[in-house]
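Computed from a predicted model, the values in this text were never measured in an experiment.
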Amino acid sequence: MESILPFALLCLTSFFTLTNPLGTMPVFLTMTQGMSDKERRFIVSRATLVAFLTIMVFTFAGQFLFKFFGISTNGFRIAGGVIIFKIGFDMLQARYTHMKLKDEEIKTYADDISVTPLGIPMLCGPGAIANAIVLMQDANTIEMKGVLIGAIALIYLITYFILRASTRLVKVLGETGNNVMMRLMGLILMVIAVECFVSGAKPILVDILKEGLI
């Protein structure tokens, strides 16, 4: 139980900051401008479902991909740490956006923005995918794997409700509140990224030192 609680907290905090539903709200409102509440509800429902299913595929197929491409877990931790650190740094500067959209691009995506760009890569980007694969590798027991899957499901459920209430939340938070929240989440994400990077680099350095001594 003592090891599961910190793992559960890590899963929840890392996925919430990587999914970043609060930062997605302004972009979502821009892309759905002029749409009815019913249309927005449909888009949110489909986007969160697509993002959840996508990340589940990578969570369970991650190890197979490692073996297929000959990728080491530690190497992926280092790469994932760099990606997550960059995302966290952008969020700390309060200038993080998953995708910049021009007016003509918004019209192009209007028919099915729930899949692209809202579901992928906004709600399920490379950082979230890397985080899912690494945490699944760290989940050594059935209980921890269950905690990881439950945490991902909970975060996307929270994301669904946040985007559903996006119109009201943006007015309540305001621009200043949005920036403060983004900076705090970015700082947390950078700390997680450093831990991920160190956990991947440490075994590699130990092996190098052992080979040098031999």
Straight-line distance of [X] [atom1] to [Y] [atom2], nearest 0.5 Å:
X      : Y      : atom1 : atom2 : value
Ile55  : Phe60  : CD1   : CZ    : 11.5 Å
Ile78  : Lys202 : CD1   : NZ    : 13.5 Å
Glu143 : Ile4   : CD    : CD1   : 5.5 Å
Thr59  : Asn131 : OG1   : CG    : 9.0 Å
Thr13  : Ile192 : OG1   : CD1   : 4.0 Å
Met190 : Lys86  : CE    : NZ    : 11.0 Å

Measure the shortest side-chain to side-chain distance between [X] and [Y] over non-hydrogen atoms and say whether it is less than 4.5 angstrom.
X      : Y      : answer
Val194 : Val198 : yes
Ile149 : Met56  : yes
Leu123 : Leu163 : yes
Leu148 : Phe7   : yes
Phe16  : Leu12  : no
Ile43  : Phe28  : yes
Ile155 : Phe52  : no

If you take all heavy atoms of [X] and [Y], which pair is closest and at what distance?
X      : Y      : value
Asp138 : Met144 : O-CE, 3.9 Å
Cys124 : Ile129 : SG-CG1, 3.9 Å
Arg77  : Cys196 : O-SG, 3.3 Å
Lys145 : Ala139 : NZ-O, 3.1 Å
Ser14  : Leu135 : OG-CD1, 4.0 Å
Ala51  : Gly119 : CB-O, 3.7 Å

Could you walk me through whether Leu9 and Leu5 pass the side chain to side chain contact (heavy atoms under 4.5 Å, CB included) check? CA-CA 6 Å; Leu9 183 61; Leu5 289 177; over 6 Å; no
Any link between [X] and [Y] through a network of hydrophobic side chains (Ile, Leu, Val, Met, Phe, Trp, Tyr) touching at under 4.5 Å?
X      : Y      : result
Leu53  : Phe15  : yes
Met25  : Phe161 : yes
Phe64  : Phe69  : yes
Phe197 : Ile208 : yes
Ile162 : Leu157 : yes

For Arg183 and Leu92, indicate whether the former's side chain and the latter's backbone hold a donor-acceptor pair under 3.5 Å.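 Side chain of Arg183 to backbone of Leu92, a donor-acceptor pair under 3.5 Å: yes, one is there.
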I'd like to know if the side chain of Tyr156 reaches the main chain of Thr19, judged simply by a donor and an acceptor atom lying under 3.5 Å from each other, with no hydrogens or angles considered.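 Not confirmed, Tyr156 side chain does not pair with Thr19 backbone.
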